[in-house]
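All figures in this text were calculated on a predicted structure; none of them were measured in a lab.
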Amino acid sequence: MAASRNGLTALVLALLTVGVLIVPLCQAAAAAADGPGNGDGEAAAVAAAEPLITAAELRKARPPRQRTRATKTPPPPPKSTSSGPVTNAKPPPPNGITFEGGLSIIFREISSPLFVFDSSDGVRIPLFINQTDAEKYLGYKIRIRLTPQDLPAAWAESEPVPVQDIQIIGTLPSNSQQKEEVGPGGVSQVLIKPVIYTVSACGYPAAISPSALRNILVNGPNTPSDAVTMQNAYNYCSQGRVVVNNSNVDIIEVKLPCTGTTTSPPVRNFNFTPATSSCSMPVYLDMMRIASDYVKNVLGRSLAKDQSRMLVVPRELAAFCDWSDQAYIIPTATSEAFINGVYANDLTPYMRLLGFTNFYLSSARGEPSDFNIDQSSVMGRGRFCFNAPNLWRLGWVSPLPGGDLNGTTLTIGRPRAFFLPGQNTNPQSYLRINPTWAITGKEVYNNKTQLPLPVFFVAHRYQESALDTFSPPTSSIYVHSYKGTKDRFTIDFSYRVAVLTGTSRIYRGPYGLVVRLTSSVTSWFGGNATVVICRASGEMENVNAESCSDGLDNDCDGRVDAADSDCANAIRAPSPSPPRRQPSTTTGSSRPTTSG
């Protein structure tokens, strides 16, 4: 039987009365958090809710692996002129408690996305749902069904809830956290307008003053264009596509009470003192709610919906937490983000949070054994630019002309050479390789937000500016994989799978992909690198007459046919020519590479 709004409110008040919403401690070693998510529908993504869910509890509550049954995005729901369910939506299933609302995401610096159901009554419920399935429902109004015993478990035991059923019943209004306008030269630019609260509470001062924070974020009248500010960094890393300036950054100092009752739903008592050890998202969501109410009701200020909110937590209330920044992304409302006061003077978390809240970028990961430390993207551990998959996803930078490869343009044994400029100095600067030749038709994926197989990106990175720092600052070729599309609700990770330098020049990846760095030249005045992209049929030549005399570099080692030692003992077809004849110039030498 579906629970009415009054029933839900009564249940929540009852739970509050008996005191089951006591906040558990959430200090846990998130460095040992979930392994890298890969967007394949097998890694369970769960979300923090009210009351608190600790990282340790989430890991213990990880659901069994699930299979995604359908590979197609659910069809658009029927149109409706009312705010309620569409008339021809399926009725609620029996024997369960149903809620209506939308799905939200929690992005954290060091963990996989977590998913929370935001009900129409302002109640947040953590869900067991894998990422591939969750992406299908982002942006839609949905109805979920829970068993009666699941709701008390979610609230009293701080455990995520398994969903019995999900139905799409309508669409939700989009709320973009950015505004596009036409800039110089007719280039479309994104205008970012964050609101940042510097908070003091419980006798603890704000972690940073408004004036000091403004100096980190935006330029003054005499700030040089290469000074390390968020305004300069976004302008440089986006090649002028993102605009942050002094007039659009709002910094508000707010003094919060230490205890009290929230005035906006869900109404409940709060006590920020435990935040010194709880490190929990709901505590900070309460801070944000109270700060926003203060700005609206006391300061009399009206904040626009397209202004993402950030809150800098007092240092003493987050000093023992294992995160520097985290964001609560609500696709249909204003997203909220939080910065650990310990990092209040560091530009990196502010840059990364805007990547979460404004552009829906997910974490940039290292290899599966090298969790979340991609040094080439600010969405990982980079300072301060983005990696090639991020740039492709956002549409800020495109592949080189002729450098968007697939099974048709990259055939077996025919290497292609490309000259790569620095990634951030040219609007067309990297390679993108889609291994369409390996698609079997049996892949499981969401065709709106995912591709059948990961696509590979190859970019030349070096320290081109103080706004894009690398160690060492010399040339490196970064190879990334990324399975996502350009859809707004794509939240797949990008993975750094290889870094090629003067001492490590070859990457042999899946699907026969081989990337070789052949030369590079860099300086403060510019640079380029030459890479060869090849598709191999195997790790070595097949020792038979066909493979060793077809004029192809089948194993992509840079040697063709008889010039390859793999072909030294190849069986050759009978020939009237002398048995020790020399290979011809056509089949015995490397075929010239083709410039992209």
d(Cys237 SG, Glu464 CD) to nearest 0.5 Å is 9.5 Å

Could you tell me if Arg496 sits above the aromatic ring of Tyr478, with its cationic atom closer than 6.0 Å to the ring centre and no more than 45 degrees from the axis? no

Indicate whether the side chain of Thr229 and that of Asn219 have a donor and an acceptor atom separated by less than 3.5 Å. yes

Gln428 CD: over 12 foreign heavy atoms closer than 6.0 Å: yes

For residues Leu467 and Ala227, report the shortest heavy-atom separation together with the two atoms involved. CD2-O, 3.6 Å

Quick one: closest heavy-atom pair of Cys385 and Asp468, and the distance? CB-OD1, 3.6 Å

Could you check whether any side-chain N or O of Arg381 sits under 3.5 Å from a backbone N or O of Gln375, counting only pairs where one atom can act as donor and the other as acceptor? no

Do we see a donor-acceptor contact under 3.5 Å between the side chains of Asp374 and Ser377? no

Is Glu541 reaching over with its side chain to a backbone N or O of Ala562, donor-acceptor style, under 3.5 angstrom? no

Ring geometry between Tyr360 and Phe489 (parallel below 30°, tilted from 30 to 60°, perpendicular above 60°): tilted

Without swapping roles, check the side chain of Gln239 against the backbone of Asn426 for a donor-acceptor pair under 3.5 Å. yes

Side chains of Ser335 and Ser308: any donor to acceptor distance under 3.5 Å? no

Would a distance-only check, ignoring hydrogens and angles, find a side-chain to backbone donor-acceptor pair under 3.5 Å from Thr425 to Gly422? yes

Any side-chain to backbone donor/acceptor pair from Asp564 onto Cys567? Under 3.5 Å, distance only. no

Should Asn554 and Ile412 count as side-chain neighbours, where that means a heavy-atom distance under 4.5 Å? yes

Rounded to the nearest 0.5 Å, how far does CG of Asp325 lie from OH of Tyr343? 9.5 Å

Just by modelled atom types, is the Ser188 backbone N or O under 3.5 Å from a matching donor or acceptor in the Arg241 side chain? yes

Is the closest side-chain donor-acceptor distance between His460 and Ser429 under 3.5 Å? no

Would you call the rings of Tyr507 and Phe456 parallel, tilted or perpendicular if under 30° counts as parallel and over 60° as perpendicular? tilted

Pairwise side-chain contact, Tyr137 with Leu127, heavy-atom cut-off 4.5 Å (strictly under): no

Is the closest side-chain heavy-atom distance between Arg416 and Leu405 below 4.5 Å? yes

For the pair Arg535 (side chain) and Leu410 (backbone), establish whether a donor and an acceptor sit closer than 3.5 Å, ignoring hydrogens and angles. yes

Would you confirm whether the ring centroid of Trp392 sits within less than 6.0 angstrom of the ring centroid of Tyr430? no

What class does the angle between the rings of Phe359 and Tyr234 fall in, given that below 30° is parallel, 30 to 60° is tilted and above 60° is perpendicular? tilted

Under 3.5 Å, is there a donor on one side chain and an acceptor on the other for His480 and Ser376? yes

Any donor-acceptor N or O pair under 3.5 Å, side chains Asp487, Thr485: no

So, the side chain of Asn232 versus the backbone of Ser225: is there a donor-acceptor pair under 3.5 Å, distance only? yes

Are any of the side-chain nitrogens in Asp566 or Arg559 under 4.0 Å away from the carboxylate oxygens of its partner? no

Just checking Lys486: does its NZ atom have more than 12 heavy atoms from other residues, nucleotides or ligands closer to it than 6.0 angstrom? yes

What is the minimum heavy-atom distance between Gln326 and Leu353, and which atoms define it? O-CD2, 3.6 Å

Glu135 side chain to Asp133 backbone, donor-acceptor under 3.5 Å: no

Is the closest basic N to carboxylate O distance between Arg393 and Asp492 below 4.0 Å? no

When you measure from the side chain of Arg505 to the backbone of Arg516, do you find a donor-acceptor pair of N or O atoms at a distance under 3.5 Å? no

Any non-hydrogen side-chain atom of Tyr482 less than 4.5 Å from a side-chain atom of Val455? no

Distance-only donor-acceptor check, side chains Thr348 and Arg383, under 3.5 Å: yes

